[in-house]
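Position 1 is the first residue of the sequence; numbering continues from there. What you see is a predicted model, and the numbers here were worked out from it, not measured in a lab.
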Amino acid sequence: DITLGFWPMDLVLFVARLGAGKCVDADTAVTDPLTGIPRSIRQVVEGNQRLVHTWSPELGIHSVPITAKVDTGRKECLKVTFSSGRSVVVTPEHPFLSPEGWLRADKVEVGGTLALPARIPFPINPVSLPAEEVDLLALLLTEGSYTGHHVGFSTGDSVCLDIAKEAAAKIGTVVKHQKKYDYDFIPSTPVDKILNKHGIHKKKAIVKTIPDAVFQLPAELLGRFLGMVWMCDGYVDNSGPGITLASRDMVYQLQSLLLRFGVQSRVAYKKATCSGKIFDAWRLTVYSHAWNAFFENIPLRAHKAAALDKLLARDRNPNVGFPRVSDNFRSRIKQIAVSKRGGLLEVGRDLGWGSYFMVKSLFGKRNSLLLSRFETFCKVFECREEFKCVLNKDIFWDVVADIESVGERKIYDLTVSPTSCFVANDVIVHNTWTSVQLALCAWQQKKRV
């Protein structure tokens, strides 16, 4: 009992087979649940971050301690990209959560679905900023010009201009009109201090990033920041709320921040035109099923608020977020359906159907499982426990758009107990470093005995 079956005099070595260390690329972002700030896994391993976001069927997305951090060297990797635009680089044996359990990266197929967080919690220890500073940060990051000897912005929106004037007055400066839609802060010193404080001064549009302080904001102030971003540079059209920026990093940061409110979106590359010049840009579009969450948490004003209100009155038929399942999964559903006489009739009645309900009515295109109907099915047939992962509200099932080899990369591991998974690049990935976990469990067992 003391030595777990080994002789006390033995030196026990835990040797993992090749590929047992399931790792992620060094630049993979891992958010600190305490602060809300994302850091690369390299920084997490080398630093003092103690917690990580994880997922379990019982608690959904929550935070747990990191039990081990390991630098595992270099290895050939795959890049898995999703329809939402998110991606993560992992070793081939690294598992992702599929509707039917954990699946190695090299077994994942394009067109299948994997689990992403439906939301990311707000920081445990949020840090506030003055409202005027939040407004000015959003204005300067989207419409600002501060690469030369002046600090200014451009806008044709009277609401944004009024907010800028009010914020400027509170920090001891004024907004002065220059020409057409261009304005400067006079004097610029108070605004310079804000830019320098957050490390974003003299950055061109293509390399702008959202400062750490924004990731630390509580819900109300983060909603205010995102609302100002949309008022300045965003839009609301028939496809929903969206924004197009030259900075790829900033667009993906906005996508991640929207997850704090449970707002799912898609990011895609596009070529944009400005003053007759073509440049690279990235467009973020909020999925239609998340329009209500956006409306409730991201305050818009004037014509953009009216446009979103009009969209919400439209009939919508969301076609994202559903798990695509195998023929074996479908067969299991048919097996359950025949186990209770009259069960399908009861499902149809609970859903308000006027006709007899059939198993095929649970599925959409490409064997996608329609979750609201399936939840009623599981309630009637008392099989929710069997499918609790598929039905978990904290999971967004995203379609795999591409899988490619990216060559040898520097990789790192985290061990997370007891959930055996963590959130990286806003994707749920499996717990790593099997051999370390095995050795740790053996050591802890010996200590208890």
Side-chain angles (χ1 to χ4, degrees), residues 12-35 37-56 59 61-82 86-98 101-108 114-117 120 256 400 403-447:
V12 180
L13 301 178
F14 288 90
V15 183
R17 61 172 172 78
L18 288 175
K22 300 179 283 291
C23 317
V24 296
D25 174 71
D27 294 328
T28 304
V30 177
T31 297
D32 187 340
L34 283 176
T35 65
I37 299 172
R39 293 282 184 256
S40 72
I41 194 169
R42 183 201 302 268
Q43 293 172 309
V44 173
V45 170
E46 296 174 351
N48 58 4
Q49 181 172 325
R50 298 181 291 107
L51 299 177
V52 71
H53 287 129
T54 188
W55 172 86
S56 70
L59 298 177
I61 300 294
H62 61 289
S63 61
V64 291
I66 300 170
T67 55
K69 303 175 180 180
V70 185
D71 180 339
T72 50
R74 302 182 67 85
K75 191 173 181 180
E76 292 290 323
C77 289
L78 299 174
K79 181 180 180 181
V80 180
T81 302
F82 297 86
R86 299 178 179 92
S87 64
V88 62
V89 174
V90 301
T91 52
E93 67 282 340
H94 200 112
F96 293 92
L97 183 59
S98 77
W102 292 100
L103 184 65
R104 286 170 51 117
D106 56 6
K107 301 298 182 184
V108 170
L114 299 175
L116 276 61
I120 295 293
S256 187
V400 177
I403 304 170
E404 60 178 319
S405 175
V406 292
E408 190 178 89
R409 295 290 183 90
K410 184 74 182 73
I411 52 176
Y412 290 89
D413 283 346
L414 297 179
T415 297
V416 180
S417 179
T419 55
S420 298
C421 65
F422 62 99
V423 177
N425 277 11
D426 292 336
V427 179
I428 298 173
V429 297
H430 196 273
N431 185 78
T432 59
W433 203 243
T434 309
S435 56
V436 169
Q437 181 64 21
L438 178 61
L440 179 64
C441 290
W443 172 72
Q444 289 174 334
Q445 178 67 22
K446 184 173 182 179
K447 282 185 66 178

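In this structure, Trp55 and Cys421 approach most closely via the heavy-atom pair O-SG, 3.2 Å. Smallest separation of non-hydrogen atoms from Lys69 and Asn48: NZ-C, 4.0 Å. The two residues Gln49 and Pro33 come nearest to each other via the heavy atoms NE2-CD, 4.2 Å. Minimum heavy-atom separation, Val90 to Val24: CG1-CG1, 3.8 Å. Residues Val89 and Thr28 come closest through the heavy atom pair O-OG1, 4.1 Å. Taking both residues in full, the closest heavy atoms of Ile411 and Cys77 are given as CG2-SG, 3.7 Å, listed atom of the first, atom of the second, then distance.
Note that CZ of Arg74 is 4.5 Å distant from CD of Glu408, once rounded to the nearest 0.5 Å. Atoms NE2 and CG, on His430 and Leu414 in that order, are 13.5 Å from each other to the nearest 0.5 Å. If you take CD1 on Ile66 and CG on Asp32, they are separated by 8.0 Å, rounding to the nearest 0.5 Å. To the nearest 0.5 Å, atoms OG (Ser87) and CG (Leu78) are separated by 12.5 Å. To the nearest 0.5 Å, atoms CG (Leu103) and CG (Leu97) are separated by 9.5 Å. To the nearest 0.5 Å, atoms OH (Tyr412) and OG1 (Thr72) are separated by 8.5 Å.
Residues satisfying the side-chain hydrogen bond (donor to acceptor under 3.5 Å, both in side chains) criterion with Asn425, sequence neighbours excluded, are absent altogether. Judged as a side-chain hydrogen bond (donor to acceptor under 3.5 Å, both in side chains), and not counting sequence neighbours, the contacts of Thr54 are Thr419. Residues forming a salt bridge (Lys or Arg N to Asp or Glu O under 4.0 Å) with Lys410 (at least two apart in sequence, or on another chain): Asp71.
With hydrogens and angles ignored, the 3.5 Å screen pairs a side-chain donor or acceptor of Gln43 with a backbone N or O of Ser40. With His53 contributing its side chain and Val423 its backbone, the two residues share no donor-acceptor pair below 3.5 Å. Using modelled atom types, one side-chain atom of Thr67 and one backbone atom of Thr415 make a donor-acceptor pair closer than 3.5 Å.
Using a 4.5 Å heavy-atom threshold, the side chains of Thr31 and Ile37 count as separate. The side-chain heavy atoms of Lys79 and Ile403, taken from C-beta on, include no pair separated by under 4.5 Å. With a 4.5 Å cut-off on side-chain heavy atoms, Ser417 and Val64 do not count as touching. Taking the side chain as every heavy atom from C-beta outward, Arg50 and Leu34 approach each other to under 4.5 Å. Proximity of Val45 to Val70: side-chain heavy atoms (C-beta onward) are nowhere separated by under 4.5 Å.
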ask   = What do the steps show when you test Lys75 against Glu93 for salt bridge (Lys or Arg N to Asp or Glu O under 4.0 Å), and what is the final call?
value = CA-CA 11 Å; Lys75 191 173 181 180; Glu93 67 282 340; 3.1 Å; yes
query = Step by step, would you call Val52 with Val30 a side chain to side chain contact (heavy atoms under 4.5 Å, CB included)?
reply = CA-CA 7 Å; Val52 71; Val30 177; 3.6 Å; yes
task = Using the side chain to side chain contact (heavy atoms under 4.5 Å, CB included) rule, take Ile428 and Phe96 through it: C-alpha gap first, then chi angles, then the decisive distance, then the call.
result = CA-CA 7 Å; Ile428 298 173; Phe96 293 92; over 6 Å; no
